[in-house]
Every structure is written in structure tokens, then in C-alpha cells.
Amino acid sequence: MERNEKLEMLTALVGELGFSCDDVVNYWKARGKLEAKQSQSLIPAGTEEASQDQNSAKVIPGMFVYVDGLISSEIIEGRQVMAIVGSVDGSDVLAVCLQEACLPWSSDWLEAKATQKMTGGKEATRKLLEISRKKRQEAEAARWCYNYAEDGVKQGEAFLPSLTELEKLFANKAAINASLNALGVALLDGLYWSSTEYSNGYAWTLYVKDGDKTGYSKGAHGYYVRPVIAIKL
């Protein structure tokens, strides 16, 4: 069947259904705009469907990270949000998990000098747990983050952010908190432990209200622990 014949049949069917050709044209225009909008706000993380440069240019702090790997500027009904984009550095994304806890850094005042110069929280968290096992001492903050398995985050995927990473989150706290608020979960608001040791008895904290950095006693209670996850675009 030729193209024109098919179009004639389609036109006749449209008329039988009580629509005009203009109705059909306007419908497809509107649908095309909607699909274009959705494709711009849905970014597949860690795939080859788009280049890293294109993805990193679209991903910004405050976007929602979904369990199925999508990153969107909107809350999508029927999909599970697992974290909020906290910072973007090229193709590396640091995302804030939705739950937090109040714990000591280490009730045994675990000494972990190796973490003092680490800027990557994932590496520092692993080092803290390694030292904790060897010394048979507690490392509550790092342990809680490593064991975190909420909202679709898998155990072992999350970690305690370093002081450097907490500073990045502080710089973007307005966008992060706007999205956390939209989900109805705890905002970044208070004093947070980092995975960076300050000295033998102290660990670095960051006060999210004003960005103040302070070393506090590792055994102190009442300070917040907020896990993060790392995503590669």
C-alpha cells in the first residue's frame, strides 16, 4: 500500500471518530513537547546512552536520584527516590541520603591518623572500619553509614563524607534542602561528623548553618551522621 493511500485511510478514520485533522496535529505537537521536557529532566546515570560531558552539564545539586539510576529535577510518581544530588565535579556526583542519625564518632576514641589527609569519604570510611576491626574499638559514625540500607541504597554503598565533601554540600545546602523538604525528610541542619580525624581524641565536624569547621571529642553524643553515595555519570 502506498504512503498516500495509508494517509487517506488514516484521515477517513479520524473523521469517523469525530476528530479533525487539526485536532490530530495539535495532539502530536503537545505530546512531542511533553516527551522532550521529560527527556531533558531524566538523565540515566552510569550508562553509555549519553556522553559524560552532556550528563554532567545537566546534573545539578538538588536533583532527585532514583533507585533505577535516573536523575531528575522533578519528583516522579511511582519511582523511588534514594538520594539528592549534593555536588557535581565533572562526571563525579556526590548524593545525600535521606536518613540521618545522632551518634558518637567513636565511643572508644578510635585513633585513625591515616584519615587526616584523606579528601575522599569512601576511602576514609573504609580505613576507619579497617582500623576499628584491628583495634577492636567502635567507630559508630562510619559503621552506621557503611551499613546504611534505606530507600533503595544497598548496604556498603554509602559512606561518611570527608570534611572536604561536607564543605561541598554546605555550598549547595539551599538546593539540597529544598528537595529534602519536598520529600518530607530531615534537612541538612546541624552539626555533622566527617570521616576526617582532627587529632587523637577529636574528629572534624561541620556546622551546616554557617559552615563553621570544628574538631570535637570523638566520644561526644548528639552530633549528626548523614551518609552519602558516589555516582559516576
Side-chain angles (χ1 to χ4, degrees), residues 34-47 49-50 52-102 120-122 125 141 144-145 148-155 157-195 205-212 223-233:
L34 177 61
E35 290 177 348
K37 179 180 178 181
Q38 290 176 336
S39 66
Q40 289 173 357
S41 65
L42 297 176
I43 302 168
T47 73
E49 294 181 30
Q52 290 183 353
D53 290 340
Q54 289 174 328
N55 277 347
S56 58
K58 295 177 182 178
V59 176
I60 59 174
M63 294 182 78
F64 301 95
V65 179
Y66 289 87
V67 173
D68 58 11
L70 289 177
I71 300 175
S72 173
S73 59
E74 301 174 353
I75 296 177
I76 305 170
E77 187 176 354
R79 291 183 185 270
Q80 174 68 56
V81 177
M82 66 189 300
I84 302 297
V85 173
S87 68
V88 183
D89 184 9
S91 61
D92 295 317
V93 173
L94 190 69
V96 181
C97 294
L98 306 185
Q99 313 300 326
E100 61 183 33
C102 284
K122 191 166 189 175
T125 297
W144 191 78
C145 289
Y148 185 89
E150 303 286 343
D151 308 303
V153 177
K154 296 178 181 179
Q155 191 269 342
E157 186 177 8
F159 54 91
L160 183 63
S162 68
L163 179 62
T164 299
E165 290 166 339
L166 281 178
E167 290 176 308
K168 292 179 180 179
L169 299 183
F170 170 73
N172 300 317
K173 70 173 184 176
I176 298 168
N177 279 340
S179 294
L180 291 172
N181 185 60
L183 294 173
V185 298
L187 307 184
L188 287 179
D189 183 30
L191 196 69
Y192 288 84
W193 289 115
S194 76
S195 52
T205 64
L206 187 139
Y207 189 44
V208 175
K209 284 188 180 296
D210 58 15
D212 182 53
Y223 301 146
Y224 290 103
V225 178
R226 190 69 169 243
V228 295
I229 58 175
I231 300 169
K232 179 72 74 172
L233 294 176

Quick check: do [X] and [Y] have side-chain heavy atoms less than 4.5 Å from each other?
X: Met82; Y: Leu98; answer: no
X: Pro161; Y: Trp193; answer: no
X: Ile84; Y: Met63; answer: no
X: Phe64; Y: Ile71; answer: no
X: Ile60; Y: Val88; answer: no
X: Val93; Y: Lys232; answer: no
X: Ser195; Y: Ser162; answer: yes
X: Val225; Y: Cys145; answer: yes

State the [atom1]-[atom2] distance between [X] and [Y], to the nearest 0.5 angstrom.
X: Gln80; Y: Leu70; atom1: CD; atom2: CG; value: 13.0 Å
X: Leu94; Y: Ile176; atom1: CG; atom2: CD1; value: 8.5 Å
X: Cys102; Y: Trp144; atom1: SG; atom2: CH2; value: 9.5 Å
X: Cys97; Y: Arg226; atom1: SG; atom2: CZ; value: 8.0 Å
X: Leu180; Y: Leu188; atom1: CG; atom2: CG; value: 6.0 Å

When you measure from the side chain of [X] to the backbone of [Y], do you find a donor-acceptor pair of N or O atoms at a distance under 3.5 Å?
X: Thr125; Y: Leu160; answer: yes
X: Asn172; Y: Pro61; answer: no
X: Lys209; Y: Gly190; answer: no

Which atom of [X] lies closest to which atom of [Y], heavy atoms considered:
X: Tyr192; Y: Leu166; value: O-CD1, 3.8 Å
X: Glu100; Y: Leu187; value: OE1-O, 3.8 Å
X: Leu206; Y: Glu167; value: CD1-CG, 3.7 Å
X: Ser194; Y: Leu163; value: CB-N, 3.5 Å
X: Leu169; Y: Gly86; value: CD2-CA, 3.7 Å
X: Ala230; Y: Phe159; value: N-CE2, 3.7 Å

Worksheet entry | Other residues, nucleotides, ligands: >12 heavy atoms within 6.0 Å of Tyr224 OH |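 Counting neighbours around OH of Tyr224, 12 or fewer heavy atoms of other residues, nucleotides or ligands fall under 6.0 Å, so no.
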
Fill in: From CA spacing to verdict: side chain to side chain donor-acceptor pair (under 3.5 Å), Glu157, Tyr148
CA-CA 8 Å; Glu157 186 177 8; Tyr148 185 89; over 6 Å; no

Worksheet item: Does the side-chain contact (heavy atoms from CB on, under 4.5 Å) test come out yes or no for Val85 and Val65, once each step is laid out?
Response: CA-CA 7 Å; Val85 173; Val65 179; 3.7 Å; yes

Discussion item. Apply side-chain contact (heavy atoms from CB on, under 4.5 Å) to residues Lys173 and Asp189 and explain how you reach the verdict.
Written reply: CA-CA 9 Å; Lys173 70 173 184 176; Asp189 183 30; over 6 Å; no

